Every structure is written in C-alpha cells, then in structure tokens.
Amino acid sequence: MTEKTTRLLMEMRLDMGPAQQVTGQSGETRLIYHVRGGRFEGEQIAGKILPVSGDWVSIKNNVITMDVRVQLQTDEGWLVQMSYENISDLSEEERRVFAARGKIDQAGHFFRVVPTFTTRAPQLEWLTRASIFGVGTRYDDRIEYDVFEEIARQPCDKGAPQHAD
C-alpha cells in the first residue's frame, strides 16, 4: 500500500490592489483584483510574483466563485503560471455584512485551493504533474498562501525478514 504525506512546497504573498466592484441587475457582484506583485519562497522554488496577475471574484446567491491566475518568475528567471478556480459559501456573518453594505470584509477570510502549474522550463516540468493544494488567507491588502505538495511513499514491508549484520 502506498502511504501519502505532504511537504511545504512554498509560502506565497500576493500584494493586492483594491477591488473594482461591479454589481449587475441579476444581483451578481463581480470583484476584480489586481495583483501588484509579491514573493514566493520554498526549498525547491523561489522568486517573485509578476504584476500581470489577477483575481476575478463573483458573488451570487451567497456563493463566492474565484478565478485566479498568477504569473511567477523564479529567481533563475523561469516563468510559471499558477491558476485555480474555487467555490465557497459565504458565512452567516459575511451574508449579513454583504446584505447591509454590498461588500465583504475579507480580512482573515480563509480558503483552500488546488492550483495547477504551467511552464516551459524543463527544470520545473515536475510542477505540471505534481499533486498540489494550498491554504490561503485573504487580508485587505494581500493574500498569503501555504502551498503543499503531496508525496507518495512506499512503506517498508513489515512482513519481510530482517537481515542480521
């Protein structure tokens, strides 16, 4: 049987500009966030977040959907695109605030993501096949992520004979 464990792949900080908010007649609210930059750090990969990244959020019927695309540039100069989509419900408190003010206080809002990576860098090709998930926290001016890689290990065969030296 294969045993699975995880390891921290990287910590990320995306510096965000204020949202551009559009509310349509259908009751849907769209929030468009510009990523101003940031940094990612890990044992295998590190670099900066390029400001061509963005976060498109839609809120309708108390459901938040996100479409996020982040352009990474490693310290070696390689380009990597990270993208994910996510759906989550508003909490009761978030629903009350949204109904009263038409916007959500996102400070401390926590969510999980399953990003995919695209790159032409042969040294980073493993990222495109890895099983990766992250935990993000949204603040007024930034999003912070801990991004993990799932590792499969073959456990020792406990029934195998022990060798004496």
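Given the structure is predicted, the values throughout are model-derived calculations rather than measurements. Residues: numbered from 1 along the sequence shown.
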Legend entry - Axial cation check for Tyr33 ring with Arg138, 6.0 Å and 45° limits: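 Ring-cation test returns yes.
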Would you mind reporting whether [Y] and [X] have side-chain heavy atoms less than 4.5 Å apart?
| X | Y | answer |
| --- | --- | --- |
| Val114 | Ile132 | no |
| Arg7 | Gln44 | yes |
| Thr29 | Val57 | no |
| Ile151 | Thr6 | no |
| Phe117 | Leu72 | yes |
| Ile143 | Met16 | yes |

Legend entry - Test applied, side chain to side chain contact (heavy atoms under 4.5 Å, CB included); reference residue, Tyr145; option that passes from Thr137, Val113, Val135, Val70: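 Looking at Thr137, Val113, Val135, Val70, the match for Tyr145 under the side chain to side chain contact (heavy atoms under 4.5 Å, CB included) is Val113.
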Inset, instruction - In sequence, state the C-alpha distance, the side-chain angles, and the governing distance for Glu11 and Arg13, and then conclude on salt bridge (charged side-chain N to carboxylate O under 4.0 Å, His left out). - result: CA-CA 7 Å; Glu11 294 176 334; Arg13 177 186 168 127; over 6 Å; no
Do [X] and [Y] land in one hydrophobic cluster if side-chain heavy atoms of ILVMFWY residues count as linked below 4.5 Å?
| X | Y | answer |
| --- | --- | --- |
| Leu14 | Ile32 | no |
| Trp56 | Tyr84 | no |
| Phe133 | Met10 | no |
| Leu50 | Met12 | no |
| Phe148 | Val68 | no |

Any donor-acceptor pair under 3.5 Å from [X] side chain to [Y] backbone:
| X | Y | value |
| --- | --- | --- |
| Ser53 | Gln71 | yes |
| Asp146 | Gly134 | no |
| Thr119 | Leu79 | yes |

Legend entry - salt bridge (charged side-chain N to carboxylate O under 4.0 Å, His left out) evaluation trace for Asp75 with Arg39: CA-CA 10 Å; Asp75 289 338; Arg39 183 98 186 132; 3.0 Å; yes
